[in-house]
Amino acid sequence: MKYFSKLGCLACGLLMCSVVSNAQISSNPNKFLGNITTRGNVEAGGGVPSYYKLWNQITCENESKWSSVEGNRGTFNWSGADRAFNYARQHGFTYKFHALIWGAQYPNWLESLAPKERFAAMTNWFDHAKAQYETLPMIDVVNEAVTDKNGNPHQPGNPMMKETLGGGGKTGYDWLIKAFEMAYERWPDAILIYNDYNSIRWNVDEYISLVQALRDAGAPIDAYGNQSHELGDISASELSSVLKKQQDALNMPMFITELDIDKADDAQQKAQYQKILPLMWEAPYCAGVTLWGHVLGATWVTNSGLYRAGKERPAMTWIRDYMASDAAKNAVGPFPGTKKEASVYIRPASLKVAVGDVLPIMVRARMATKTIEKVDLYVGDDLIATMTEAPYYAEYAASKVGKKTLKAIVTTTDGTTYERRSQFQVARGTKREPYNATVPELPGTISADEFDKGLPGVTYNNVSRDKFTTTTTKDGAWMEYTVDVKEDGLYSIDVEVASTKEGGLFHLAEYTFDNINFLTDITEVPNTGSSTEFRTVHCSMKEPMKAGRHVLTLLVDKGGFCIKNITVKTVPVEGLPGVLKYEDFSVSSGEWVEYIVNVAQAGKYSYEATVSSEAADSRFTMLMIESDGNEKSLGTVSVPQTGSLDTYQVKKGIIRNPLKEGQQKLRITVTGGRCNIEKIEFICTSTGITCLTGDSSDSGASHNLSGQKVGPAYKGIVIRNGKKYIIK
């Protein structure tokens with residue numbers, strides 16, 4: 001446990017079960033020797049010993065990848081993954097989910113979706129995985145996202161994955177941070193791993209930089225994974241040097257995740273395993289080794305198998321003997337009992353600050369079974385805060401230029417310590433502060449060029465304030481705005497944009513200490529005709545905002561357009577059944593308005609819309625966005641040509657789908673010629689509840705749904721004589 005503190009190896013939560021079993025090759029209680037499925041099955045057959053007699057960890061080679069599970073959109077096939085998961089549980093060892101995000105084996109249908117739809121599909125993928133596996137011991141959250149020295153991604157699908165998850169953002173790696181946050185939200189007790197190949201031979205520096213960026217930004221990454229496919233001819237000295245370089249830079253647990261030695265010659269394969277496996281296994285920061293296949297010809301690597309025609313190859317015999325040695329059995333690991341006890345992540349508000357800035361810092365600390373006594377936070381060797389109560393928040397006044405190391409030491413009540421490191425940069429330049437002396441209030445309008453004062457990389461990136469509305473934005477640009485939100489509520493956003501082409505993308509986010517919150521969906525910019533012809537693009541906020549001070553970040557996912565103003569409006573909240581009043585809401589095709597509605601009773605509804613139009617093709621659609629994100633069409637209303645916008649008619653109709661009870665979002669979108677909407681009344685027509693007027697003579701006391709007695713002036717659902725009524 002003392003070693004655990006020195007390394008800064010923090011992390012994990014409960015594993016599915018103990019990995020120790022004397023029947024298996026490895027009996028070390030603090031790390032595993034695992035393998036993968038064979039052609040989709042756990043047992044290899046053909047004379048190869050049963051899996052549980054060899055290995056004490058299992059990874060699906062392909063069965064848990066997104067393309068294998070959801071090859072057809074909306075249809076999930078977990079049978080292959082279930083076989084491995086249930087086998088591990090049955091035989092008392094651990095399982096790794098491989099992999100949530102990978103720019104290779106994703107469903108083909110994903111490519112045909114818009115960015116907003118892709119993000120929804122990816123969220124749905126995470127949600128279905130969570131529903132299938134309530135707890136997971138380990139997860140390869142992201143696989144193979146490194147960009148090489150020439151700027152080429154490891155996988156051709158990575159640019160699409162990056163765009164889907166919000167782009168590079170403030171850190172350059174926001175999309176990966178978002179993936180880890182999504183995983184941690186669902187599986188906080190799992191060991192969350194970043195996994196890549198060529199990380200030991202050819203892209204060492206790029207790999208370290210990526211993992212370091214995730215760690216420093218406070219992403220809930222618990223370990224880094226070296227696939228190790230490329231080590232067939234590496235020397236012991238080179239391997240030792242690289243592993244040390246990685247660990248010195250990262251100070252985190254490490255997994256060897258996909259080790260194989262592609263040698264047809266038995267003696268050469270054995271000699272290479274003898275050279276490299278002890279260096280990996282006996283490294284105290286190594287949490288486990290997964291071999292990638294044990295049957296010759298059963299994986300994508302031709303000669304890597306350890307069994308030929310059911311017989312052990314010499315390398316396998318040596319591995320068995322080595323695992324029985326004292327050196328292998330007693331090797332220290334970063335997760336005692338192969339369980340994640342501590343989740344400790346340092347999240348500075350920014351990875352770069354100016355001299356004179358005050359940097360807020362949050363230590364997110366969570367224990368699986370123990371109780372935190374205190375959290376000590378250091379900048380370099382200087383203790384800046386000792387915190388005994390969550391949230392573990394501190395501030396640092398930046399006074400000297402240079403790279404600064406953050407170190408959090410968590411001490412539990414039994415005296416155990418857990419360590420995490422991070423770093424940030426202090427530079428000379430303008431201190432961070434709002435653009436104007438008076439901070440803009442929301443709801444209200446912000447001029448897009450009035451982003452906060454400060455250094456590039458701190459309050460803005462890749463934009464020029466003095467040419468903001470005349471020069472097109474660049475990919476990856478972002479700007480931050482300090483604002484004061486007047487009151488709690490849900491808001492919508494109108495952004496004035498101009499563009500000579502389609503394809504621009506942006507979204508609004510807020511970088512909190514717990515997450516990168518996407519306040520809006522990734523929004524597409526239309527071709528407005530010229531770079532000076534501005535058009536309003538509407539976005540709805542995905543979640544309510546709390547009253548108080550906020551820093552909003554406008555992120556340009558794909559540039560090529562100009563921005564003028566950002567107007568934030570309150571989204572009204574209404575009750576249904578009832579009347580939605582629009583107060584001369586006059587709109588053109590493509591424009592929309594949203595309401596938060598509280599549906600008092602599920603059931604069928606009709607509508608009466610008071611509308612007007614000078615055009616012959618006016619119409620609007622009604623869409624209900626339910627609390628779980630599902631979208632339900634309520635129908636299209638054809639607006640009659642009334643002669644003028646001031647002459648109204650009432651259009652009646654039936655709502656297409658029944659409404660669910662509870663708070664939801666109603667969107668009205670005009671799809672034809674310009675029209676006015678004065679009001680829409682939603683009428684409950686079939687709920688099994690009798691509708692009454694307030695002066696109904698029905699006898700009996702009335703109570704609301706909370707059991708409180710109400711008088712005759714009360715409007716809404718009441719219980720009277722054991723039955724439900726709606727009083728209108």
Side-chain angles (χ1 to χ4, degrees), residues 4-5 7-14 100 138-142 169-194 208 210-225 247 249-255 285 287 334-335 339-351 359-368 370 372 374-379 384-387 389-396 404-412 416-424 510-517:
F4 204 78
S5 169
L7 276 177
C9 298
L10 15 116
C12 253
L14 294 176
L100 285 170
M138 295 175 288
I139 305 172
D140 285 333
V141 178
V142 181
K170 288 180 62 177
T171 65
Y173 297 100
D174 276 14
W175 66 292
L176 302 178
I177 296 170
K178 185 66 177 177
F180 275 90
E181 294 291 359
M182 291 169 66
Y184 184 71
E185 179 184 357
R186 291 161 177 81
W187 299 281
D189 291 326
I191 301 173
L192 303 181
I193 305 165
Y194 175 77
I208 290 173
L210 185 153
V211 178
Q212 212 168 40
L214 301 185
R215 181 202 67 180
D216 293 349
I221 176 175
D222 298 312
Y224 58 98
Q247 183 58 207
L250 300 174
N251 296 103
M252 293 168 61
M254 181 269 290
F255 288 90
Y285 50 83
F335 298 121
K339 295 180 180 180
K340 172 182 170 179
E341 173 60 44
S343 298
V344 183
Y345 317 111
I346 306 173
R347 175 159 280 182
S350 178
L351 295 179
L359 178 66
I361 304 166
M362 181 73 78
V363 179
R364 292 194 289 173
R366 175 180 179 273
M367 307 303 297
K370 300 183 180 184
I372 295 174
K374 65 175 182 174
V375 176
D376 291 318
L377 182 63
Y378 294 81
V379 176
I384 66 167
T386 295
M387 299 161 282
E389 299 290 338
Y392 303 109
Y393 173 88
E395 293 182 344
Y396 173 72
K404 308 295 181 182
T405 298
L406 284 166
K407 180 173 66 176
I409 299 178
V410 176
T411 304
T412 56
T416 309
T417 59
Y418 304 85
E419 183 178 313
R420 178 76 164 197
R421 296 190 186 182
S422 178
Q423 58 187 9
F424 64 95
E510 184 171 17
Y511 290 74
T512 71
F513 287 118
D514 295 322
N515 205 344
I516 303 174
N517 289 334

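The figures that follow rest on heavy atoms only: side chains count, while hydrogens, waters and symmetry mates do not.
- Residues Tyr378 and Ile384 are not in side-chain contact: their nearest non-hydrogen atoms beyond the backbone lie 4.5 Å or more apart.
- Between Phe513 and Pro360 the shortest side-chain heavy-atom distance falls below 4.5 Å.
- Glu510 and Asn517 share no donor-acceptor pair across their side chains, judged by distance under 3.5 Å alone.
- Of the charged side-chain nitrogens involved, none lies within less than 4.0 Å of a carboxylate oxygen, so that Asp189 and Lys339 do not count as a salt-bridged pair.
- Here Glu181 pairs with Arg364 in a salt bridge; the nearest charged N to carboxylate O distance falls below 4.0 Å.
- A cation-pi geometry, defined here as NZ or CZ lying under 6.0 Å from the six-membered ring centre and within 45° of its normal, does not hold between Lys404 and Phe424.
- No donor-acceptor pair closer than 3.5 Å links the side chain of Asp376 to the backbone N or O of Ile409.
- Under the 4.5 Å side-chain criterion, counting only non-hydrogen atoms from C-beta, Ile361 is in contact with Leu377.
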- request: Please step through side-chain hydrogen bond (donor to acceptor under 3.5 Å, both in side chains) for the pair Asn251 and Tyr285, ending with a clear verdict.
  value: CA-CA 8 Å; Asn251 296 103; Tyr285 50 83; over 6 Å; no
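- Among residues two or more places apart in sequence or in another chain, the ring pair (Phe, Tyr, Trp, His ring centres under 6.0 Å) test is passed with Tyr194 by none.
- You'll find the side chain of Lys374 stays beyond 4.5 Å of the side chain of Met387, heavy atoms only.
- Side-chain contact check for Tyr173 and Lys178: no donor-acceptor pair (N or O, by modelled atom type) lies under 3.5 Å.
- The ring pair (Phe, Tyr, Trp, His ring centres under 6.0 Å) search around Tyr224 returns none, not counting sequence neighbours.
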Side chain to side chain contact (heavy atoms under 4.5 Å, CB included) between Leu406 and Gln423, intermediate numbers included: CA-CA 5 Å; Leu406 284 166; Gln423 58 187 9; over 6 Å; no
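- In the model, Thr512 has no side-chain atom that pairs as donor or acceptor with a side-chain atom of Asn515 under 3.5 Å.
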